[in-house]
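Here the structure is a predicted model, which is why all the values come from computation and not from measurement. Lettering follows sequence order; numbering is per chain, from 1.
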There are 2 protein chains.
Amino acid sequence: MSNQAPPNEGSMASASSDVPTFAPLYRQIRALILRSLKEGEWRPGDMIPSETELATRFGVSQGTARRAIDELAAENVLVRRQGRGTFVASHLQRVNQFRFLKLRPDGGDLEPFSGKVIECRRTRPPASLARQLRLRPGEAAILTRRILQFGPEDTVLDEIWLPAERFKGFSAEGFESYQGLLYGYLEAEFGVQMLRAEERLKAVLAQPEQAGPLGIAVGAPLLQVERVSFTYDEQPVEVRRGFYVTTRHHYFNQLG
Amino acid sequence: MSNQAPPNEGSMASASSDVPTFAPLYRQIRALILRSLKEGEWRPGDMIPSETELATRFGVSQGTARRAIDELAAENVLVRRQGRGTFVASHLQRVNQFRFLKLRPDGGDLEPFSGKVIECRRTRPPASLARQLRLRPGEAAILTRRILQFGPEDTVLDEIWLPAERFKGFSAEGFESYQGLLYGYLEAEFGVQMLRAEERLKAVLAQPEQAGPLGIAVGAPLLQVERVSFTYDEQPVEVRRGFYVTTRHHYFNQLG
DNA sequence: TAGTGGTCTAGACCACACG
DNA sequence: GTGTGGTCTAGACCACTAC
């Protein structure tokens, strides 16, 4: 490629149709890397080609490939490790266990937790959920309810909705074998990588449906956390409603 | 400066003692820019010198100065505007009004809000607060209580603690004249820029102290939000306890 | 037209990990 | 030692803003 490339005539920009043509080169490269990830060329935990290899492959300078990788690393899609290489992020890595779980014990450090599935069935979702998951009319969903224990205490009750078609073979046993790490299970067994989520929090009073499983009194305060999670291309693939007992724990957030 | 600079012999690295010596050049430049900001050389809303000017001033290449600025822009300390220049972020800018307020109406867009101070006095803080604000023994604090209205509804009750020495002259009138924008007031009148905050959330039941001002029933569920805010050098300068009514609003959070 | 940030390149060397 | 990412430089040109 010429040194002073005109705005958008990168050799690959015109060669691939599903990549935006009028964007900086490094964004086009970023999109191409994302496509390879989405298509499974490199799987979670894998090392991707080096910066120079990618630069050659895409016909750009190493600095441009680097910038694309930088963005993806900043979004936690890739992980750079000096001297070793660049890797596809995985929810099974230690460092990611708490990326989507903001609950912390009031005093002290992160606690290990364990999950206990109390219900798991295929069912017809309410209309609002079908909309959020962008299901086709009549498409079924999987409903899973589980308890998270922090130490000995039942702390979280989750009601998790997944599109049934995408997760054929989903089972309570499979889920539990991943020690409560839903996204690890989905990634390893179904090839679905969760990248991003939105949460909406409210304070509510415990109803019998929550009080029973959690072993607390009806009318006790609960933190209700509604989550929609997205994979590649901003596709929603999970809707979850959690109820957190916040007597000895809190939801931690950083504002920047 | 020579082309291949040895790890850390930048001309300014050795010249200034309060900047870490063993760090990449661009981090040293970042620290120097931060120092100028902290010392007030450039104030919120000001344009800072161009990349090339900063590069010359600090004896590095434009690319290195650029990278330092990039980091500060990513942290919302600076704001870049193509063709115009780079500016010091200000809490009085529109775009920053909701940077530290995650409460959203359940349906629809961001709502304008207004603040109403119901108490404002100098007092001796509880020990835990004195510790969080790193006050010297016996040092006084300012306690402010205020209500935030979203539309016509009383939605938030805040109890705000500030170190009295740093905010001499703080008044309910001054605060209210900034339309509920505490950080705008602190920035404009006291030269304190809030950069970052930590929040800890719990679900609680309304006590009479909260139910009264908010006009709700005792025992209603409230979202309790404890915040510690930091200015330059990770200095805590505000501790706040908020009670959010979440019947028609929710706390919104993005997980990456 | 002049000045700003934004993109892209090419090449050098450093720091780190692993065999 | 070899290969990886990390830092730094120099220089070119593009895109946007304001005068």
Side-chain angles (χ1 to χ4, degrees), chain A residues 1-13 20-33 42 46-74 77-89, chain B residues 1-13 20-33 42 46-74 77-89:
Chain A
M1 173 170 287
S2 68
N3 188 337
Q4 298 81 255
N8 287 291
E9 294 188 1
S11 52
M12 25 55 65
T21 311
F22 290 102
L25 251 186
Y26 69 86
R27 282 210 183 278
Q28 302 179 37
I29 305 303
R30 174 182 177 282
L32 289 171
I33 296 174
W42 313 303
D46 285 358
M47 176 175 157
I48 71 168
S50 72
E51 296 178 352
T52 44
E53 275 179 84
L54 288 172
T56 309
R57 164 165 164 179
F58 296 130
V60 298
S61 77
Q62 188 249 15
T64 300
R66 181 179 185 77
R67 181 146 181 198
I69 297 171
D70 277 343
E71 283 206 354
L72 293 170
V77 174
L78 298 176
V79 180
R80 318 190 73 137
R81 287 187 231 171
Q82 177 166 137
R84 298 188 53 193
T86 301
F87 299 78
V88 184
Chain B
M1 172 172 289
S2 67
N3 188 335
Q4 300 82 261
N8 286 289
E9 293 189 1
S11 52
M12 25 55 63
T21 311
F22 291 102
L25 251 186
Y26 70 86
R27 282 211 183 279
Q28 300 178 40
I29 306 302
R30 175 182 177 280
L32 289 171
I33 295 174
W42 313 301
D46 285 359
M47 175 176 158
I48 71 169
S50 72
E51 295 178 352
T52 44
E53 275 179 86
L54 288 173
T56 309
R57 164 164 164 182
F58 296 130
V60 298
S61 76
Q62 189 248 16
T64 300
R66 180 176 184 78
R67 179 144 183 198
I69 296 170
D70 277 341
E71 283 207 352
L72 293 170
V77 175
L78 298 176
V79 179
R80 320 191 73 138
R81 286 187 233 174
Q82 178 166 140
R84 299 186 52 192
T86 300
F87 300 77
V88 183

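Spacing between atom CD of B:Glu71 and atom P of C:dG5 amounts to 17 Å, rounded to whole angstrom units. Atom CZ in A:Arg30 sits about 14 Å away from atom P in C:dC8, given to the nearest Å. A straight line from CZ of A:Arg84 to C1' of D:dT2 spans 16 Å, rounded to a whole angstrom. If you measure from atom CZ of A:Phe58 to atom C1' of C:dT9, you get 18 Å, rounded to the nearest angstrom. Spacing between atom CZ of B:Arg66 and atom C1' of C:dG5 amounts to 6 Å, rounded to whole angstrom units. Look at OH on A:Tyr26: it is 18 Å from P on D:dC14, rounded to the nearest Å. A straight line from CG of B:Leu25 to C1' of D:dG6 spans 13 Å, rounded to a whole angstrom. Taking atom CG on B:Leu54 and atom C1' on C:dG3, their separation rounds to 15 Å, with Å as the unit.
For the helix from C:dT1-D:dA18 to C:dC18-D:dG1, the terminal axes (five pairs an end, C1' atoms, rotation from four pairs onto the next four) enclose an angle of 10°, given to 10 degrees.
Between the side chain of B:Gln28 and the main chain of B:Ala23, a donor-acceptor pair closer than 3.5 Å is present.
Here A:Arg81 contributes atom CZ and A:Thr86 contributes atom OG1; the two are 10.0 Å apart, rounded to the nearest 0.5 Å. Interatomic distance, CD of B:Glu71 versus CZ of B:Arg27, reported as 4.0 Å (0.5 Å rounding). Atoms CG and CG, on A:Leu78 and A:Asp46 in that order, are 11.5 Å from each other to the nearest 0.5 Å. Atoms CD and CG, on B:Glu51 and B:Asp70 in that order, are 7.5 Å from each other to the nearest 0.5 Å. Taken from OG in A:Ser50 to CD in A:Gln62, the straight-line distance is 8.5 Å, to the nearest 0.5 Å.
Screening B:Ile33, B:Thr64, B:Ile29 for a side chain to side chain contact (heavy atoms under 4.5 Å, CB included) involving B:Ile69 leaves a single residue, B:Ile33.
Among D:dC8, C:dT9, D:dG6, the nucleotide with an atom closest to any side-chain atom of A:Arg80 is D:dG6. Ranking C:dT7, D:dT9, D:dC16 by closeness to the B:Thr64 side chain, first place goes to D:dT9. Distance from the side chain of B:Ser61 is smallest for D:dT9 among the nucleotides D:dT9, C:dT7, C:dG5.
In plain terms, the two heavy atoms of A:Leu54 and A:Pro49 that are nearest each other are CD1-O, 3.6 Å. Considering all non-hydrogen atoms of both residues, A:Ala73 and A:Arg80 come closest at CB-CG, 3.9 Å.
In this structure, A:Arg67 reaches the sugar-phosphate backbone alone: every heavy-atom distance under 4.0 Å involves primed, P, OP1 or OP2 atoms, never a base.
When each of B:Gln62 and A:Gln82 is assigned the nucleotide of DNA chain C bearing its nearest heavy atom, the one mapping closer to the 5' terminus is B:Gln62.
Using a 4.0 Å cut-off on heavy atoms, none of the residues of residues 46-53 of chain B approach DNA chain D.
Residue A:Arg81 places none of its side-chain N or O atoms closer than 4.0 Å to OP1 or OP2 of D:dG5.
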